2 protein chains.
Amino acid sequence: MSANGAGTADHGSRGRIDKRRAIVDAAFTVFARAGYEQASVQDIADEAGVAKPTVYNHFPDKDAVLTAAVTAAARTLLAENLAVVEQLRETDAPLEPALRAVATGLQQVCGSPRAHALRRITYSQLNRQPELIDIVQARTWGRVAQALADRLACLSLAGRLRPLEPAQAAEQLLALLSAPIENRSRLGSRPVPAGESAAIVDAAVDTFLRAYHHVELTSADELAAPLRTTAAALADRRRPEGVQA
Amino acid sequence: MSANGAGTADHGSRGRIDKRRAIVDAAFTVFARAGYEQASVQDIADEAGVAKPTVYNHFPDKDAVLTAAVTAAARTLLAENLAVVEQLRETDAPLEPALRAVATGLQQVCGSPRAHALRRITYSQLNRQPELIDIVQARTWGRVAQALADRLACLSLAGRLRPLEPAQAAEQLLALLSAPIENRSRLGSRPVPAGESAAIVDAAVDTFLRAYHHVELTSADELAAPLRTTAAALADRRRPEGVQA
DNA sequence: CTTATACTGCACTCACGGGTCCAGATTGAT
DNA sequence: ATCAATCTGGACCCGTGAGTGCAGTATAAG
């Protein structure tokens, strides 16, 4: 496994590892800049400081280069996002500032050029390489939403958020953060002023807390069922959180 | 204006109008199916039941065909969306059902194959034709958000929603509706079960109303009911299933 | 130092598709 | 019926880029 993200069992061990890494990095840069079809393999080779046949010594074809580049980028993005979400582990901190910090971090990652490029590439390759979607989704939205859902479930159990469906709440918070940014930035083609970004974060956190902040009026027995649901879902997902061997 | 959406002042009046319309429709179909680069002009001509030179008699080049196709699709989508939002004009109807109806309609339009195709094409052409983004944004999100903001502002003034920033609230409602659908459908590459769609709508309306309803909700009943329905609908959500390397 | 493996630069083949030209058939208008 | 504009089918030119082959060179291991 190691760094061989693409389905290139044949070419996985071939060649020098530093060249391979250079090619993958360069490929994402070039694909992000020009799109898959407009980016020629020669462009990628130039960007990587490598000869074209070297590219074909590491990958069977252009598609495999794309898969490797996208997979690597998705992995990086996932790590960044998970690191941000983990900040919610400190359940002692005041809720609203903590949530705001996490929201700011998530929004910075989701609004980063790399994330936008990944989205764009994934969209444009929907028809050509449907498997890319699953790679990206699994490592980006799906996984992040899961991690966030876990944190929210804990906060709910701790009585700091009202009883909720963790996955749904996480999905909504992410939606409130990412969709407005996506549209303000013209799908990632122009930067969003820092002030606007902050306003979106504030609005998202505000709306989220209004909808999910713990309410004292509710009687305990009415909350029992959803609480049990929450607990079950939490227990269900607690295990795969760790890194695989 | 009129039917000449593209910047083809020269070719705008050339040729027979029915052929032109057939070409535009076919172009969107083919572009949606195969993507811009993979779709050949011959494919478009075949789909339209027309000879290739006829295409070039109506449009100067392939780019212009794309622009016309995208513009037409965006216009159609805008009309559908606006019609849905206008349902909120009846300020006498009970708020929550009305909002739910509008949300359902918006989500159907935003989740339609045509809308997904439009998003995909726009994303993939970000670098080649940046002007497409503005065309699509102006006729889709921007305009719909504006119309929705108008309605929400009226509802707020009428005391049926709390005081709010209209544009922001509209943006958030759209986010709650569209982002989850986009992700559940794998960016539009697979249909979303009707039950899930309905659950997303319910959750979005619920969250929106919790955040923006002007005063008293909520007996514990109202809190718990939507939770149970969505929990049932989400019961089959994808399992974590170990992450592959 | 030797050797195997990988990288380089270049030239090459080949398929594909954008865009054009032309001769002949069709069509709408007068 | 006649004419002009348009459509049709097919052939055609040409640029581009994926992928390969080869001869020579750098490089890590023994």
Side-chain angles (χ1 to χ4, degrees), chain A residues 2-4 6-8 10-27 29-31 33-69 121 124-125 127-129, chain B residues 3-4 6-8 10-27 29-31 33-70 121 124-125 127-129:
Chain A
S2 73
N4 180 16
T8 57
D10 187 15
H11 293 68
S13 52
R14 294 262 283 248
R16 282 178 208 163
I17 190 61
D18 55 332
K19 300 284 181 182
R20 186 181 211 278
R21 193 170 288 275
I23 292 170
V24 171
D25 290 350
T29 302
V30 174
F31 284 143
R33 185 197 307 142
Y36 180 78
E37 332 276 347
Q38 300 299 314
S40 72
V41 176
Q42 185 63 58
D43 291 341
I44 298 171
D46 291 347
E47 179 82 20
V50 146
K52 188 163 72 147
T54 302
V55 175
Y56 285 99
N57 190 35
H58 284 271
F59 301 96
D61 52 25
K62 197 181 169 186
D63 279 354
V65 179
L66 177 71
T67 305
I121 294 173
S124 71
Q125 293 304 306
N127 30 13
R128 285 178 35 84
Q129 300 191 258
Chain B
N4 180 16
T8 58
D10 188 16
H11 293 68
S13 53
R14 294 261 284 250
R16 299 207 180 134
I17 190 62
D18 55 332
K19 300 284 181 184
R20 186 182 210 277
R21 193 170 290 274
I23 292 170
V24 171
D25 290 349
T29 301
V30 175
F31 285 142
R33 184 196 309 141
Y36 180 77
E37 331 276 346
Q38 300 299 314
S40 72
V41 176
Q42 186 64 57
D43 291 339
I44 298 172
D46 291 347
E47 179 82 20
V50 145
K52 188 163 73 148
T54 302
V55 176
Y56 286 100
N57 191 34
H58 285 271
F59 301 96
D61 51 25
K62 197 182 171 186
D63 279 354
V65 179
L66 176 72
T67 305
V70 164
I121 294 173
S124 71
Q125 293 304 306
N127 31 14
R128 286 177 33 84
Q129 300 191 258

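Remember, it's a predicted structure, so these values are computed and weren't measured experimentally. Naming: A, B, ... by sequence-line order, numbering from 1 per chain.
In terms of position on DNA chain C, the residue among B/R16 and B/Y36 whose nearest nucleotide sits closer to the 5' end is B/Y36.
A close approach under 4.0 Å does not occur between any side-chain nitrogen or oxygen of B/H58 and OP1 or OP2 of D/dT6.
For B/N57, the listed nucleotide lying nearest its side chain is D/dT6; candidates were C/dC7, D/dT6, D/dG19. Set against D/dG9, C/dG9, C/dG19, the side chain of B/Y56 has C/dG19 as its closest nucleotide. Nearest to the side-chain atoms of A/P53 among the listed nucleotides C/dT8, D/dG19, D/dC7 stands C/dT8. Candidate nucleotides C/dT20, D/dG19, C/dT5 were compared by shortest atom distance to the side chain of B/K52, and C/dT20 ranks first. Listed candidates were C/dG18, C/dC7, D/dA18. Nearest to the side chain of A/V41 is D/dA18. Taking the side chain of B/V50 as heavy atoms from C-beta on, and the options D/dT8, D/dA5, D/dT27, the nearest nucleotide is D/dT8.
In this structure, A/Q42 places its CD atom 11 Å from C1' of D/dA18, rounding to the nearest Å. Straight-line distance from the CD1 atom of B/I17 to the P atom of C/dT27: 19 Å, rounded to whole Å. Regarding B/D18, its CG atom lies at a distance of 12 Å from the P atom of C/dT27, rounded to whole Å. As a whole-Å value, the separation of A/D46 CG from C/dC10 P is 11 Å. We find that CG of A/D43 is positioned 10 Å from C1' of D/dG17, with the value rounded to whole Å. Distance CG (A/D61) to P (D/dG17): 17 Å, rounded to an integer number of Å. Per the geometry, CD1 belonging to A/I44 stands 8 Å off P belonging to D/dA18, to the nearest Å. The distance from atom CD of A/Q38 to atom C1' of D/dG17 is 11 Å, rounded to the nearest whole Å.
Among B/V65, B/V55, B/D61, the one residue that satisfies the side chain to side chain contact (heavy atoms under 4.5 Å, CB included) test with B/V41 is B/V55.
Note on B/T54: a base of the nucleic acid sits closer than 4.0 angstrom, heavy atoms only. Within the nucleic acid shown, B/K19 comes within 4.0 Å of sugar-phosphate atoms alone, with no base atom in reach, counting heavy atoms only. Counting non-hydrogen atoms under 4.0 angstrom, A/A39 reaches the backbone sugars and phosphates but no base.
Taking the ring axis of A/F31 as reference, the NZ or CZ atom of A/K62 does not stay both within 45° of it and closer than 6.0 Å to the ring centre.
Distance alone, capped at 3.5 Å, places no donor-acceptor pair between the A/D25 side chain and the A/A22 backbone.
Taking CD of B/Q38 as the start and CG of A/N127 as the end, the distance is 7.0 Å to the nearest 0.5 Å.
With a 4.5 Å cut-off on side-chain heavy atoms, B/R16 and B/R21 do not count as touching.
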